[in-house]
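Working notes for the structure below.
Both backbone and side-chain heavy atoms feed into the values below; hydrogens, waters and symmetry mates do not. Small disclaimer: the values here were computed from a predicted structure and weren't measured. Each chain gets a letter, A, B and so on, in the order its sequence line appears, and its residues count up from 1.
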Amino acid sequence: MPGAAPLNRPEAGALLAWYDRHRRRLPWRALPGEKADPYRVWLSEIMLQQTTTVAAAPYFLRFLTRFPDVAALAGAPVEEVLKLWAGLGYYARARNLHACAKAVMDRHHGIFPSSEAELLTLPGIGPYTAAAVAAIAFDLKATPMDGNWERVVARLFAVEEPLPGSKPRLRTLSGTLTPDERPGDFAQAVMDLGATICTPKRPACVLCPWATACEARAKGIQDSLPRKAAKPAKPERFGAAFWARRPDGAILLRRRPPKGLLGGMTELPTTPWGPRLDRDTVLTQAPFPADWRIRTGVVTHVFSHFALTLEVFAADLPQTAVAPEGAWWAAPASIDSEALPSVFRKAVELARR
DNA sequence: GAGGCGTGGGG
DNA sequence: TCCCCAAGCCT
């Protein structure tokens with residue numbers, strides 16, 4: 001193509017120099033020259049799985065206050081970990097977090113292993129997180145390929161094959177970029193670049209340290225990369241939750257099954273979630289026979305794989321009412337500190353109105 | 001390996 | 001309003 005400027009190679013040094021000037025200040029990040037704490041790096045990486053830095057930050061700070069090190073976390077009951085995690089989503093992460101802390105105590109005497117292979121054997125740590133901890137906590141040469149990497153590399157090399165099929169190719173290309181020096185900073189630099197410059201929509205190419213190396217920019221197709229397969233529409237489900245109240249104000253709560261959706265979390269007693277049911281059928285699922293009154297309005301909530309519409313029924317029960325198996329009466333003041341997922345916080349809010 | 005698994009914010 | 005998205009893992 002005569003007249004077109006030849007592309008530079010994407011040099012790690014150029015990105016690291018940009019990082020040294022523009023690194024984001026994040027609560028889990030060590031200061032320049034400071035040694036990283038593997039516990040904090042691991043904790044942050046678990047929280048950041050499919051989660052924005054803005055959402056994770058307050059949870060990270062609360063966890064660090066309550067569980068300053070891996071021994072404190074391992075020694076706590078899992079229920080307390082779930083309470084602190086409530087609202088952050090993907091609750092298997094919290095269960096695995098606790099299991100991982102115990103494994104580090106039992107198998108590694110409380111010291112996080114540094115190799116990707118050993119990290120991979122721990123609960124909740126997959127290929128991405130193993131590489132991230134190895135790189136960021138131990139400055140080992142590893143390539144934690146997340147959504148940021150995929151986007152940056154897809155654009156840098158103008159990979160037009162859609163995700164997820166292009167993943168192996170993106171991985172190969174990523175590996176060629178990682179330098180021997182400062183691999184931890186480099187990994188964080190790519191993430192910062194993806195979060196602030198090479199964004200999903202309208203990337204700020206004029207500010208990008210790799211702009212002159214970017215094949216997608218040269219072709220003018222950066223906005224359309226990486227390509228992704230279209231997602232199917234979310235199915236709709238319906239259900240009802242029950243707000244049973246005693247004269248002393250206590251509310252009936254229940255523990256969900258230990259695995260699956262919202263596994264191990266606290267809930268208001270609820271029907272199963274599926275096709276819409278008529279009122280009589282719904283009330284056969286109530287925890288007690290009672291004078292159930294439907295609340296005005298509904299709770300709507302979107303999960304990862306379906307959308308839920310929840311009705312709320314309320315009834316006053318006698319002080320002598322015995323909580324069914326797996327349920328208990330909770331003092332009103334204790335409800336806000338329960339391990340209630342967001343969908344049930346919405347239901348509580350509706351019931352209290 | 002395809003699907004289950006949350007949530008809140010932004011365009 | 002709707003759709004997309006965010007530092008994935010497990011089965």
Side-chain angles (χ1 to χ4, degrees), chain A residues 24 26-29 40-60 82 85-97 99-100 119-137 142-152 163-165 167-168 171 174 184 186-196 198-203 223 226-237 256-265 267 273 299-308 339-346:
Chain A
R24 304 168 75 194
L26 298 167
W28 42 83
R29 198 169 264 184
R40 298 184 190 205
V41 172
W42 162 74
L43 177 60
S44 68
E45 288 300 339
I46 302 299
M47 289 185 168
L48 288 165
Q49 289 167 7
Q50 298 289 283
T51 305
T52 59
T53 56
V54 171
Y59 284 84
F60 175 81
L82 292 177
W85 197 277
L88 196 54
Y90 284 138
Y91 297 99
R93 292 185 296 172
R95 304 194 298 269
N96 286 329
L97 183 84
C100 184
L119 288 163
L120 259 178
T121 69
L122 293 166
I125 297 186
Y128 163 77
T129 305
V133 172
I136 299 171
T143 305
M145 200 181 73
D146 67 338
N148 288 308
W149 276 83
E150 289 175 358
R151 188 169 58 255
V152 168
L163 285 166
K167 254 179 207 228
R171 171 160 291 291
S174 300
F186 183 78
Q188 296 177 91
V190 175
M191 294 176 200
D192 278 14
L193 188 72
T196 64
C198 195
T199 49
K201 293 173 185 175
R202 299 183 53 79
D223 284 42
R227 296 191 181 145
K228 293 184 181 181
K231 289 173 187 174
K234 285 186 183 180
E236 250 187 306
R237 296 186 196 175
R256 291 180 63 86
K259 291 184 178 179
L261 183 67
L262 310 178
M265 301 295 286
E267 66 174 3
W273 299 339
V299 168
T300 59
H301 192 79
V302 180
F303 290 94
S304 53
H305 54 299
F306 67 93
L308 177 67
L340 275 179
S342 293
V343 60
F344 287 107
R345 297 207 178 257
K346 291 182 187 177

Results of salt bridge (charged side-chain N to carboxylate O under 4.0 Å, His left out) for Arg24(A) - residues two or more places apart only: none
Between Leu88(A) and Arg202(A), which residue's closest nucleotide on DNA chain B lies nearer the 5′ terminus? Leu88(A)
Base, sugar-phosphate, or nothing for Val54(A), non-hydrogen atoms under 4.0 angstrom? nothing
Each nucleotide in nucleotides 2-11 of chain C should get exactly one letter: B, S or -. Can you fill that in based on protein heavy atoms under 4.0 Å? ---SBBBSS-
What is the nucleic acid contact for Pro341(A), judged by heavy atoms within less than 4.0 Å: base, sugar-phosphate only, or nothing? sugar-phosphate
What residues, two or more places apart in sequence or in another chain, satisfy side chain to side chain donor-acceptor pair (under 3.5 Å) together with Thr129(A)? Gln49(A)
Tell me, please, the opening and closing nucleotides of DNA chain B, 5' to 3', among those with an atom under 4.0 angstrom from a non-hydrogen atom of chain A. dG4(B) to dG8(B)
For the backbone of Pro144(A) and the side chain of Trp149(A), can you confirm whether one donor and one acceptor N or O come within less than 3.5 Å of each other? yes
Pairs under 3.5 angstrom only: tabulate donor-acceptor contacts from the side chains of residues 228-236 of chain A to other protein residues two or more places apart or in another chain.
unit_1, atom_1, unit_2, atom_2, d
Lys234(A), NZ, Phe303(A), O, 3.0
Lys234(A), NZ, Ser304(A), O, 3.3

Test of understanding: with side-chain contact (heavy atoms from CB on, under 4.5 Å), list the residues that count as partners of Pro127(A), not counting sequence neighbours. Leu120(A)
Taking side chain to side chain donor-acceptor pair (under 3.5 Å) as the definition, give me every residue that meets it alongside Lys167(A), ordered by chain and number, with sequence neighbours left out. Glu150(A)
Excluding sequence neighbours, so at least two apart, what forms side chain to side chain donor-acceptor pair (under 3.5 Å) with Arg345(A)? none
Can you list everything that forms a side chain to side chain donor-acceptor pair (under 3.5 Å) with Ser174(A)? Sequence neighbours excluded, please. none
Determine the interatomic distance between P on dA7(C) and the same-named atom on dC5(B); round to the nearest Å. 23 Å
